[in-house]
Amino acid sequence: MLDLTIGGKDYHIEFTIEASLYNECTEKITGLLTSIHEAANKEEIKGMLSSIADVPQTTLTMFYAGLLEHHGEDG
């Protein structure tokens, strides 16, 4: 678990069952890993760069999923 304080408010980030049940998180991670793997196997540099460019958005989705355990979907 990771604890953060932002603007005086405490947030707890934890990747447990709640995060894994958030479909968008699971889809983003598996999609990212699959596309990187496929591009690497085909030696497609553009495909690989395109996949890597999606890392920030995937990270935001994972951050949100990690917050669900302690903060729920309503915050």
Which value, rounded to the nearest 0.5 Å, describes the distance between H12 atom NE2 and D3 atom CG?
5.0 Å
Are F15 and M62 close enough that some pair of their side-chain heavy atoms sits under 4.5 Å apart?
yes
Check whether S35 reaches the backbone of S51 with its side chain - one donor and one acceptor, N or O, closer than 3.5 Å.
no
same_hphob_cluster(I52, I45) at 4.5 Å side-chain heavy-atom cutoff:
no
Can you give me the closest heavy-atom contact between A65 and A19, atom names plus distance?
O-CB, 3.4 Å
Main chain of G31, side chain of T34: is a donor-acceptor contact present, judged purely on distance under 3.5 Å?
no
Atom CD of E24 and atom OG1 of T61: how far apart are they, to the nearest 0.5 Å?
4.5 Å
Can you hop from L2 to I29 via hydrophobic side chains spaced under 4.5 Å?
yes
Distance col, row L32:CG vs D54:CG, nearest 0.5 angstrom, shows 6.0 Å
Taken to the nearest 0.5 Å, the spacing of Y22 OH from E69 CD works out to 15.0 Å
For E14 and H70, does a side-chain donor sit closer than 3.5 Å to a side-chain acceptor?
yes
When rounded to the nearest 0.5 angstrom, what distance separates CG in N41 from CD1 in I36?
12.0 Å
Once the angle between the rings of Y11 and H71 is folded into 0 to 90°, is it parallel (under 30°), tilted (30 to 60°) or perpendicular (over 60°)?
tilted
For L21, which fellow cluster members are found when Ile, Leu, Val, Met, Phe, Trp and Tyr are connected by side-chain heavy-atom distances below 4.5 angstrom, either directly or through intermediates?
I17
Could you check if a side-chain atom of L4 sits within less than 4.5 angstrom of a side-chain atom of I13, using non-hydrogen atoms only?
yes
Nearest heavy-atom neighbours spanning A40 and M48
CB-CE, 3.5 Å
If two hydrophobic side chains count as joined below 4.5 Å and joins carry through other members, does L49 share a cluster with V55?
no
